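Below, read A as the first sequence line, B as the second, and so on, with proteins coming before strands; counting in each chain starts at 1. Scope of the values below: all heavy atoms of this structure, side chains included, with no hydrogens, waters or symmetry mates. Source: prediction; values computed, not measured.
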Amino acid sequence: MTQFSPSLEPEARLARLARQLDRERQARAQAEAIAEKGLRDLYENQQWLALLQRVTDGANRSTRLTDAMRMALEEICAKTGWAFGNALLVSEEGTLAVGADIWFAEGEGSLLPFVEATRTIAVGPGEGMAGDVLSRGQASWHLDLANEAGCERCTLAVQSGFTAGFAIPVLIRSELVAILEFFSRTPIRVDEQMQSTLHQIGVQLGYVAERERNRAALLHEARHDALTGLGNRKHLAELAAGALTRHWQTGSRLALLAIDLDGFKAINDSLGHHAGDTVLVATARRLERCIGQVLRPLQDRGSSLPLVARVGGDEFVVLVEDAPSADFLNHFAENLHEVLAQPINVDGGQAELAAAIGIAVCIRDRPTIDQLLRDADLAMYEAKSRGRSQTVIFSSELGEATRQRRILEAELKEAIHKCQFVLHYQPIVALDDGHHVVGYEALVRWQHPSKGLLHPGEFIEIAEECGLITFLGGWILEEACRAAARLAELYPRKPLRFISVNVAAPQFLASNFADRVRKTLMRTGVTPEQIRLEITESVAIADPDRTAAVLQQVREWGVQTSLDDFGTGYSSLSYLKQLPFDTLKIDRSFVNDLQSDKSQSIVQAIMDLARSIDLKVVAEGIETAGQGDTLAKLGCGYAQGYWFGRPSPENEAFAS
Amino acid sequence: MKGVIFNLLEEVVTRQMGTDAWGELVDAAGVSGVYTSLGSYDDAEVLALVETAAVSLNQSPGDILRWFGRSALPLLAERYPVFFEDHKNARTFILSVNDIIHPEVRKLYSGAGCPHFHFEDAADGRLLVGYRSARQMCQLAHGFVEGASGHFGQEVEVEHLQCMLKGDPMCRLALAWNA
Ligand code: HEM
């Protein structure tokens with residue numbers, strides 16, 4: 001039969017076929033193993049490439065190294081799952097690296113001591129990870145922190161649950177300008193692709209640093225801002241010094257106006273630098289014109305010409321000598337607002353901005369120019385927080401309020417660290433005959449050591465502003481999940497009672513929000529259906545596509561989603577249809593006003609809409625039996641408010 | 001379902017029931033039988049294989065899935081030793097499924113729909129494992145847990161506190177190891 005072996009009996013032939021089959025099988029397994037390895041490498045490569053692409057895009061859009069580093073930290077941590085990323089800036093000719101207060105942290109308050117110890121840390125050459133980069137200019141790997149000797153922060157890092165960390169340089173050519181460091185709770189496996197991606201990211205950030213430096217150099221040389229032709233900070237300081245001396249001699253009323261363009265960053269980001277520059281130049285011309293018109297009368301009386309300077313990216317300062325009165329300054333500011341709010345034509349579209357104006361007036365005392373500038377800035381920030389086109393004149397109360405805020409801020413950090421928060425729960429009931437409890441809204445309270453129990457209104461905004469909200473929000477979600485699990489044990493009858501959790505804007509907008517929710521669910525083992533995430537209307541419509549994707553993701557897990565404060569925003573109802581919400585919460589303002597026909601018909605319209613797209617409706621702020629009845633008649637299924645129960649601690653709230 | 005699962009099933013069946021068993025099972029179940037680890041195949045084919053085996057062996061499909069999981073684990077340990085290296089007991093191994101094993105599996109086999117588990121320590125010291133999947137294969141998980149415990153020389157007791165097959169929103173297993 002064949003030339004290799006004598007012809008065989010059937011039995012032996014069968015055996016040979018079996019061997020052959022076996023060889024085929026092994027060959028297939030080998031082929032599969034090779035393909036699997038190739039696919040895995042490809043997958044990893046693509047992930048790293050996609051990361052590099054995102055960071056490069058972000059870097060190209062940034063004018064400031066700090067902005068670019070913030071973006072890079074977030075992207076890198078989101079891709080890798082490393083729990084903490086931090087940026088340091090290098091100064092003193094490369095002998096000092098200082099935490100730039102730019103960081104990204106994932107996790108609960110337990111990380112806070114480490115964040116605090118790191119965000120403004122100063123290290124010299126050779127000191128720890130960053131110090132190693134400082135002295136060698138190269139990446140520094142510390143894959144086993146627990147066995148790292150002679151590094152103070154390593155001990156703290158290990159206590160915070162980190163197992164590995166490393167730092168990479170950001171270079172302008174060979175000059176070290178910044179350092180990024182990362183810490184991970186899980187082991188880090190270093191491979192070539194990862195190293196080269198991180199290296200490339202360092203290079204891209206270096207380009208941003210270089211551009212920024214070149215611009216700054218241009219601006220620095222002259223006393224005038226090269227772009228707008230206005231005076232710059234140095235020029236302002238010189239003129240202000242003269243004005244201050246005159247003020248001391250004559251007691252004239254000297255005022256500084258700090259002007260900031262709201263919306264400028266958005267234009268820079270969306271339409272590009274060229275558009276941004278156009279806006280700045282146009283703004284400069286408008287300021288000059290307005291000053292000319294309004295302040296000319298002063299000048300006619302012999303005062304010197306008011307100065308307008310550009311002191312930062314989109315910050316301008318106007319120095320007014322001999323301002324006749326506070327009224328006059330307010331009137332002047334009004335004029336400025338009016339002029340600055342006109343749309344500006346830029347290529348690619350129209351830029352609509354609004355200014356925030358802060359005014360510092362010095363009448364008798366002897367402030368320094370820096371003090372005046374600071375006061376004006378503070379007033380400007382206050383104006384900004386009050387909305388578009390606002391003016392605020394600095395006062396000692398404002399100074400005091402700021403001081404109080406700083407104290408509160410410090411206390412808040414401490415509070416998160418020491419976990420001084422509790423959740424209270426307000427029942428949500430079905431508007432049927434029994435008014436039985438279907439769930440609760442979790443409301444956070446701060447057990448302040450001296451001020452007693454504080455409500456969110458007194459601290460959430462501050463927490464948002466100083467970047468603590470993600471910690472607090474993470475804690476709230478986790479605690480609510482644990483409470484929900486306890487709730488399920490207390491009331492195992494289906495359907496289980498749920499807990500509604502408010503999600504803060506920065507928390508929801510963080511790129512890894514859905515992932516955090518998933519991890520919290522897993523950690524706490526709660527039945528996902530018991531958790532209802534409440535997103536406010538303004539947050540939901542900020543980026544509807546992303547909102548839809550994120551909500552869809554958490555819903556796949558069974559988590560419910562609720563649109564909070566419905567009716568307070570400007571969203572059209574059609575938006576709502578595209579967003580995957582289970583529940584809609586009617587704002588309390590409609591409930592307060594239920595006796596008016598207008599409110600009733602609004603509520604009716606909301607009910608009709610909700611029914612048509614199959615949403616449950618919860619009405620908030622029910623304070624009387626009558627309100628409950630009216631809502632029930634209008635078809636509202638669920639309600640919450642003092643009439644049905646105030647927010648109370650868990651043991652009380654869950655008792656019935 | 002990824003082909004690798006079919007390959008594992010074939011290997012388990014062949015090792016335990018002899019060379020001819022797999023061919024017979026494929027014929028009886030009326031499935032294609034052509035499976036490469038990287039391919040994706042209809043879930044219905046796994047189900048058909050499991051059901052057919054269950055009927056001929058006079059067991060429930062759950063029993064078969066569990067037996068498969070238990071018997072496949074030693075094969076997994078041969079195929080993917082890295083997933084086992086860092087562990088000294090079944091508990092930490094099981095705990096690494098979400099964060100390490102299944103994410104790695106998704107890199108190897110694009111389109112793999114690996115489940116996520118919820119882990120929680122119960123007050124009585126047991127490990128609670130929450131599981132939700134349209135495939136409702138908690139018995140496979142159960143088998144993997146038994147197999148993993150065997151691999152690390154431990155004995156485990158598994159209780160199904162809740163089960164999707166009984167209409168619960170998710171499955172919850174409680175695991176207790178003897179050591
Ligand atoms: C070396 C370890 C492991 C590997 C390589 C692995 C791999 C896989 C693969 C490839 C699938 C099929 C996914 C698909 O085709 O869509 C799968 C599914 C599954 N795995 Fe794993 N797995 C491992 C360990 C475990 C362990 C320890 C458990 C449980 C404790 C587990 C539980 C499951 C379950 C229940 C499914 C069924 C799919 C579903 O529920 O939707 N696996 N796994």
Side-chain angles (χ1 to χ4, degrees), chain A residues 14-15 17-19 21-22 25-47 80-81 163 184-187 189 481-482 485-486 488-489 492 494-496 515 517-531 553 556-560, chain B residues 2-4 7-8 10-11 14 19-20 22-23 34-39 75 78-80 82 85-86 95-100 103-113 115-123 127-134 161-162 164 167-174:
Chain A
L14 214 54
L17 283 175
R19 283 197 301 280
L21 189 64
D22 195 45
R25 192 177 284 133
Q26 283 183 31
R28 191 197 76 207
Q30 269 179 27
E32 285 171 350
I34 293 166
E36 280 169 13
K37 174 157 190 322
L39 283 173
R40 189 182 177 289
D41 291 350
L42 192 67
Y43 177 93
E44 285 282 319
N45 276 3
Q46 277 172 344
Q47 296 287 307
T80 57
T163 58
S184 167
R185 298 200 148 125
T186 47
R189 282 204 199 137
C481 287
R482 295 198 190 284
R486 291 189 286 268
E489 275 175 31
K494 307 276 158 58
L496 294 174
D515 205 40
V517 170
R518 186 178 61 71
K519 285 191 178 145
T520 309
L521 289 175
M522 274 177 350
R523 218 178 3 249
T524 56
V526 67
T527 306
E529 280 78 0
Q530 276 186 277
I531 297 301
Q553 233 175 338
E556 270 167 29
W557 269 88
V559 171
Q560 303 187 52
Chain B
K2 297 308 293 184
V4 61
N7 296 159
L8 285 167
E10 171 179 352
E11 217 170 322
T14 308
T19 339
D20 296 337
W22 178 249
V34 181
Y35 308 114
T36 161
S37 70
L38 295 160
L75 306 178
E78 280 171 35
R79 252 183 197 240
Y80 312 97
V82 279
E85 271 162 16
D86 295 339
L95 285 173
S96 73
V97 171
N98 276 338
D99 290 330
I100 298 178
E104 282 296 320
V105 166
R106 273 181 228 112
K107 296 179 193 171
L108 282 179
Y109 306 112
S110 72
H116 274 287
F117 296 96
H118 292 194
F119 293 116
E120 182 189 2
D121 289 313
L127 178 66
L128 298 184
V129 180
Y131 163 78
R132 288 163 57 87
S133 160
L161 303 175
Q162 288 180 323
M164 295 178 81
D168 291 325
M170 66 191 295
C171 299
R172 274 171 103 72
L173 310 185

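Taking 4.0 Å as the cut-off between side-chain N and carboxylate O, A:Arg25 and B:Glu11 do not count as a salt-bridged pair. Salt bridge status for B:Arg132 with A:Glu529: present, with a side-chain N to carboxylate O gap under 4.0 Å.
Distance OG1/A:Thr527 to NE2/B:His118: 8.5 Å, rounded to 0.5 Å. For the atom pair B:Thr36 OG1 and A:Glu32 CD, the distance stands at 3.5 Å (nearest 0.5 Å). Rounding to the nearest 0.5 angstrom, the gap separating the OG1 atom in A:Thr186 from the CD1 atom in B:Ile100 is 7.0 Å.
By the 4.5 Å heavy-atom criterion applied to side chains, B:Tyr109 and A:Glu36 are counted as neighbours. Side-chain contact between B:Leu38 and A:Leu39 is present, with heavy atoms from C-beta onward closer than 4.5 Å.
Contacts of B:Leu128 with chain A are absent, with no heavy-atom separation under 4.5 Å from either backbone or side chain. The part of B:Phe117 that comes within reach of chain A is its backbone (N, CA, C, O), which places non-hydrogen atoms under 4.5 angstrom from that chain. Of the two parts of A:Gln47, neither the backbone nor the side chain holds a non-hydrogen atom closer than 4.5 Å to a non-hydrogen atom of chain B. Neither the backbone nor the side chain of A:Gln46 comes within less than 4.5 Å of any heavy atom of chain B.
Listed by chain and residue number, nothing satisfies the side chain to side chain donor-acceptor pair (under 3.5 Å) test with B:Arg79 (two or more places apart in sequence, or in another chain).
Below 30°, between 30° and 60°, or above 60°: for B:His116 and A:Trp557 the angle between ring planes is between 30° and 60°, a tilted geometry.
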